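Worksheet: one structure, shown below.
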Amino acid sequence: MPEETPARPAELALRPVTPALASYLAGSRLAGAGELAFSDGMPDTRLIPYAVLARAYRHAMVASVRHNQLGYGEPAGTPGLRKAIADMLRMERGLNVHPEQVCVVRGSQMGIYLAARLLAGPSSCVVFESLSYPPAREAFRSCGATVLSVAQDEHGLLPDALEALCRTYPVRAVYVTPHHQFPTTVMLPADRRLRLLALAEQYDFAIVEDDYDHEFHYLRSPVPPLASMDRNGRVLHIGSLSKVLAPGLRLGYVVAAERVVERCAAEILLIDRQGNQLTELAVGELMASGELHRHIRRALKIYQARRDFTAACLAERLGGRAQFDLPAGGIALWLRFAPWVDMERLVEDCAGQGLRISNGQIFTQDPEPVQALRLGFGHLTERELDSGIQRLAAALKRQEAG
Ligand SMILES: Cc1ncc(COP(=O)(O)O)c(C=O)c1O
């Protein structure tokens with residue numbers, strides 16, 4: 001009798017991950033031992049003021065015990081942190097908001113997902129720039145939205161192209177990163193911001209403003225967020241403490257009309273009930289005491305020096321093989337390559353040299369080739385940057401030589 005092979009139990013049927021999300025996930029794997037990764041703009045967690053943070057956590061623990069504060073709390077966040085964020089946005093960013101308009105979330109990614117839950121559904125259309133942040137696009141897509149691409153130029157989103165889309169499709173929301181366009185880093189000019197707000201009014205859509213690294217801007221004159229120009233409650237403004245403090249703390253915020261914040265709180269009840277109160281109390285103290293501000297000023301100087309070092313190093317080592325514009329802010333730059341560069345081969349060749357870079361193609365859902373990559377410089381020291389750029393230059397030279 002032939003032996004019967006036991007039937008394998010059927011695998012659980014799971015909703016598949018979209019190819020765009022899968023390749024983003026693969027690209028954002030942490031660097032292994034001896035490997036360097038140019039990430040797409042990570043902060044340097046070695047700069048975190050650990051002693052100051054530890055003290056704030058200790059205070060938070062003592063206060064929690066004393067005032068019995070570790071029970072179930074407000075899904076929208078602890079009152080102290082909501083107030084500290086509202087104060088900071090009012091004083092430093094020209095946003096006229098009060099604490100009830102602030103919802104604390106676990107990183108801006110959660111804010112984006114909440115925005116998608118509130119705004120998108122099957123048969124809704126949302127618009128992203130042709131080059132944009134893949135997890136944001138996928139968050140909207142996972143809520144059933146059809147994601148449309150709008151053209152952009154060297155200054156960012158093209159309002160005329162957006163208006164053409166609005167005339168054809170029922171656009172519910174537009175996701176933008178106007179402060180430092182992701183991934184190209186450019187700042188959306190004031191006239192386009194005004195036009196975007198006017199179009200939101202005319203075509204009745206919401207604007208999701210992802211202000212993921214507002215603090216790191218190297219120009220003297222501060223540029224307020226788009227939300228500061230919003231008179232009609234069209235903008236859901238999303239900010240993060242990941243870049244200024246630490247991604248691992250998982251803190252961000254959604255700022256919007258009170259009724260939007262109440263809806264966010266209801267969604268939070270379904271996902272994780274509330275945030276980590278210890279972290280919220282500790283970071284609330286760092287904000288109120290000015291410690292966070294001091295850390296940002298220190299980190300800003302370091303990142304500016306790393307940006308300038310990266311620019312000089314790229315110019316010296318790559319010569320004319322790649323172009324970039326010095327970003328006015330942020331912790332990454334957009335490096336553009338000539339059409340003869342085979343981007344996939346470049347990524348593979350660099351990986352062979354222990355350097356991880358991501359093909360700029362991952363930032364779009366459009367078929368046009370993207371001859372560029374986002375080079376994060378903030379998380380690397382000058383030595384590491386130099387070593388990475390040398391490996392990139394060597395890979396490019398090999399390709400040039402055939
Ligand atoms: C454009 C953009 N939005 C959102 C995020 C998510 O950040 P977090 O959830 O850590 O605040 C990132 C992270 O790199 C980002 O680059």
Side-chain angles (χ1 to χ4, degrees), residues 20-21 24-25 27-31 37-45 48 77 81 85 102-117 126 128-142 147 152 156-157 173-188 207-217 225-227 236-255 264 268 271-272 275-276 279-280 283 292 296 303 327 329-334 356 358 360 362-364 373-379:
L21 190 54
Y24 193 79
L25 255 176
S28 50
R29 171 176 70 77
L30 291 179
F38 272 139
S39 86
D40 58 16
M42 275 191 340
D44 189 345
T45 44
I48 294 171
L81 184 58
I85 292 170
V102 176
C103 182
V104 177
V105 289
R106 265 54 73 208
S108 50
Q109 184 60 38
M110 181 167 167
I112 296 165
Y113 185 72
L114 291 177
R117 288 276 301 173
V126 296
F128 278 70
E129 283 147 306
S130 172
L131 293 163
S132 190
Y133 185 56
R137 222 188 254 121
E138 296 312 308
F140 276 88
R141 195 171 273 136
S142 80
V147 176
Q152 64 194 90
L157 180 146
V174 176
Y175 167 92
V176 278
T177 46
H179 202 50
H180 304 136
Q181 204 275 339
F182 190 102
T184 64
T185 78
V186 297
M187 202 192 310
L188 194 68
I207 299 170
V208 179
E209 177 181 35
D210 180 0
D211 206 9
Y212 61 103
D213 64 357
H214 189 98
E215 295 78 1
F216 298 133
H217 204 72
L226 186 64
L236 274 71
H237 176 80
I238 299 174
S240 177
L241 291 162
S242 287
K243 305 292 190 293
V244 292
L245 204 47
L249 292 181
R250 304 313 302 140
L251 272 183
Y253 46 88
V254 177
V255 176
C264 285
I268 288 173
I271 311 169
D272 66 347
N276 179 321
T279 299
E280 293 188 13
V283 173
L292 185 67
I296 291 171
Y303 290 146
I331 44 180
L333 58 76
W334 186 239
R356 291 237 324 280
S358 297
I362 63 169
F363 300 123
T364 189
L373 65 88
R374 187 167 155 101
L375 190 150
F377 55 77
H379 62 304

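Owing to the predicted nature of the structure, the values given are computational and were not obtained by experimental measurement. Both counts, for ligands and for their atoms, begin at 1 and track the order of listing. Basis for what follows: all heavy atoms, side chains included, without hydrogens, waters or symmetry-related copies.
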- If you count the atoms of ligand 1 from 1 in the order shown, which ones are under 4.0 Å from a heavy atom of Ser240? 8 (P), 11 (O)
- Nearest atoms (heavy-atom pairs only) where Ile362 meets Pro134: O-CG, 3.3 Å
- Message: When you compare ligand 1 with Gln109, is there at least one nitrogen or oxygen pair between them that comes in under 3.5 angstrom?
- Response: yes
- Query: With only distance considered, is Arg250 within less than 3.5 Å of ligand 1 through an N or O on each side?
  - Reply: yes
- Task: Output the list of atoms in ligand 1 that are nearer than 4.0 Å to some heavy atom of Lys243, sorted by atom number.
- Result: 12 (C), 13 (C), 14 (O)
- Consider only side-chain N and O atoms of His217 and His180, and report whether a donor and an acceptor are under 3.5 Å apart. yes
- Pro178 and Glu209: which non-hydrogen atoms are nearest, and at how many Å? CG-OE2, 3.5 Å
- Passes side-chain contact (heavy atoms from CB on, under 4.5 Å), Leu249 versus Leu241? Steps please. CA-CA 8 Å; Leu249 292 181; Leu241 291 162; over 6 Å; no
- May I ask you to identify the nearest protein heavy atom to atom 3 (N) of ligand 1, giving residue, atom name and distance to one decimal place in Å? Asp210 OD2, 2.6 Å
- Of all the non-hydrogen atoms in the protein, which one sits nearest to atom 15 (C) of ligand 1, and at what distance? Tyr133 CZ, 3.4 Å
- List the atom of His237, the atom of Ala227, and the distance in Å for their closest heavy-atom pair. CB-CB, 3.8 Å
- Do Phe182 and Phe363 have ring centres separated by under 6.0 Å? yes
- Item | Top protein contact for atom 10 (O) of ligand 1, by heavy-atom distance | Ser242 OG, 2.6 Å
- Per atom 4 (C) of ligand 1, closest listed option by heavy atom (Pro135, Gly41, Ser108): Ser108
